[in-house]
Amino acid sequence: MSRSGKDEHGGYSRKEFLKRLSMGFGAAMAFPGYSSIRRLAEYRRLSNLPELPDDKKLNYALVGLGYYATNLLAPALQETKLCKLNGIVTGTPSKAVRWKEKYGIPDKNIYNYDNYDQIANNPDIDVIYIVLPNSMHAEYTIRGAEAGKHMISEKPMATSVEDAQAMVDACKKNNRKFSVGYRLHFEPHNKRMMELGQKEMFGPVQSIKGGNGFHIADDPTKWRLDKQMAGGGPLMDMGIYVVQGAIYTLGKLPLSVTARTEVNHPKKFDEVEENIYWKMEFPDGVVADCESSYARGMSYIRANARDGYFKLEPAFGYGGLKGETSKGPMNLPNVNQQALQMDAFADCIMNDRESRVPGIMGLRDVKILMAIYEAANKGERVKLDLNPETLDKVEDWS
Ligand code: NDP
């Protein structure tokens, strides 16, 4: 058990845990041959990079050894070409023992939450990846940046706009690179949505529909149902992918949002929403009609354009993604998204480039998430004024 009393499955039921786990392993097993993805320039470039010898790789430390770190990030780090899992930060001593054995992590690179700041004195850690509950991302990202390390924070980057801004500021002040764990920007199906939408390959997109959700178990100790720790319900956890998907498919920012929440099980959902429905209004009258849920499984995004449609379903998981356009199936490979994401960040650090998914993008998304909650609470349209530099533009891909 972790010090929070949670189990190591992140509070998921065994069935749910195994289901999610199989999605991750499925992704790893389905790692593609390179020939089928020739169009994806960045993927090809990263995939074709020679694997660096261990002493040339960037050393990653994972903070918070729960479901995602254990089952997705640590295995993915074994597949990367530019990164090495070389450190951990955990509040659970038994995990430290197991991880040390499994990954050969030296004692001097194992920290807990109290001595975390001493990582500043450790030249064998280059990048810190925060995989803690949402409300803890800010504190540990800021402390990591102050310790002189490059930072990745998991999504949602923070539970308030103020926290997100402070994280961006801390990384900037310490001249450290900062990225968000937005793995789908490196995933072929989602990259295809970006290309089709942004390059208007079916004419201008006229509307978008998207949803992402799963049925959450009843365990009351789960932080995802705790407003203070999670910042909100399915919108923060799953809906953020739909917000992202609409933006990167269009390559444009929303101008305003409207929203409503729905709670059918008030005992279980006494702090966070159970279901949420929102609309994002983009320039030229384009609307993204979105939903997210902790009661229903779903994972889809569809763009209706002037001359056809394109869609993904499932759209946002770790593997098994499928795409289709009005001209036929996409036939793209499923890849190890996390490995590509972490190699891409290492590549940015090594070549002094900004991440395609920088902290300012995470800050932008926290602003949108908060605006969606405000719209739902007030029952009013909430206007947005967002930084255009936060867009991941296909034309900028190297
Ligand atoms: P878990 O609950 O499984 O793990 C969180 C870990 O944080 C715990 O195991 C524990 O690790 C540590 N922790 C420290 N303090 C606390 C506390 N008070 N309560 C609970 N845990 C604590 O969560 P997940 O791994 O599912 O999610 C972690 C983050 O990753 C979230 O922000 C989530 O949104 C994000 N995520 C992103 C995904 C993606 O696809 N990009 C997928 C899944 C999650 P320890 O015992 O080592 O201290």
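Both counts, for ligands and for their atoms, begin at 1 and track the order of listing. For the numbers below, each heavy atom of this structure counts, side chains included, while hydrogens, waters and symmetry mates do not.
Ion pairing of Glu291 with Lys209 is absent here, as no side-chain N (NZ or NE/NH1/NH2) approaches a carboxylate O to less than 4.0 Å. Using a 4.0 Å cut-off between charged side-chain N and carboxylate O, Arg143 and Glu139 make a salt bridge. At a threshold of 4.0 Å, the pair Lys177-Glu354 counts as salt-bridged, since one of the basic side-chain nitrogens sits closer than that to a carboxylate oxygen. A salt bridge is defined here as a Lys NZ or Arg NE, NH1 or NH2 lying under 4.0 Å from an Asp or Glu carboxylate O, and Arg192 with Glu195 meets this definition.
For Gln338, the closest heavy-atom approach to ligand 1 does not fall below 4.0 Å. The closest approach between a heavy atom of Lys222 and any atom of ligand 1 is not below 4.0 Å. In this structure, Met236 does not count as a contact residue of ligand 1, since none of its heavy atoms falls inside 4.0 Å of the ligand.
Residue contacts with ligand 1 for Met238 are absent, since no atom lies close enough (heavy atoms, distance under 4.0 Å).
Taking a cut-off of under 4.0 Å to the non-hydrogen atoms of Met136, the atoms of ligand 1 that pass are 14 (C), 15 (N), 16 (C). Residue Val131 has at least one heavy-atom neighbour below 4.0 Å for each of these atoms of ligand 1: 5 (C), 28 (C), 29 (C), 30 (O). The Lys95 neighbourhood of ligand 1 comprises atoms 9 (O), 11 (O), 45 (P), 46 (O), 47 (O), with distances under 4.0 Å to a heavy atom of that residue. Near Thr90, with a cut-off below 4.0 Å to any heavy atom, the atoms of ligand 1 are 45 (P), 46 (O), 47 (O), 48 (O). Residue contact check: Arg183 has heavy atoms under 4.0 Å from atoms 39 (C), 40 (O), 41 (N) of ligand 1. Taking a cut-off of under 4.0 Å to the non-hydrogen atoms of Thr92, the atoms of ligand 1 that pass are 45 (P), 46 (O). Residue contact check: Lys155 has heavy atoms under 4.0 Å from atoms 32 (O), 33 (C), 34 (O), 35 (C), 37 (C), 41 (N) of ligand 1. Atoms of ligand 1 found under 4.0 Å from any heavy atom of Tyr241, numbered from 1 in the order shown, are 38 (C), 39 (C), 40 (O), 41 (N).
With hydrogens and angles left out, the side-chain atoms of Asn304 and Arg302 include a donor and acceptor closer than 3.5 Å.
Evaluated by nearest non-hydrogen atom to atom 43 (C) of ligand 1, the leading choice among Phe316, Trp99, Tyr182, Tyr68 is Tyr68. With Tyr113, Trp223, Tyr67 as candidates, the residue nearest to atom 14 (C) of ligand 1 on a non-hydrogen basis is Tyr113. Residue nearest to atom 7 (O) of ligand 1, selected from Pro133, Ser94, Gly66: Pro133 (by heavy-atom distance).
Residue contacts with ligand 1: Ala69 is placed with no nitrogen or oxygen under 3.5 Å of a nitrogen or oxygen of the ligand (distance criterion only).
Only one option out of Ile110, Thr90, Leu62 pairs with Trp99 in a side-chain contact (heavy atoms from CB on, under 4.5 Å); it is Leu62.
Remark: aromatic rings of His215 and Tyr294 are distant, center separation not under 6.0 Å.
For Tyr111, there are no ring pair (Phe, Tyr, Trp, His ring centres under 6.0 Å) partners at least two apart in sequence or on another chain.
A donor-acceptor pair is defined here as one N or O able to donate and one able to accept, closer than 3.5 Å; no such pair exists between the side chain of Thr92 and the backbone of Lys95.
For the salt bridge (charged side-chain N to carboxylate O under 4.0 Å, His left out) condition, the pairs that include at least one residue of residues 50-61, sequence neighbours left out, are Glu51-Lys57, Asp54-Lys57.
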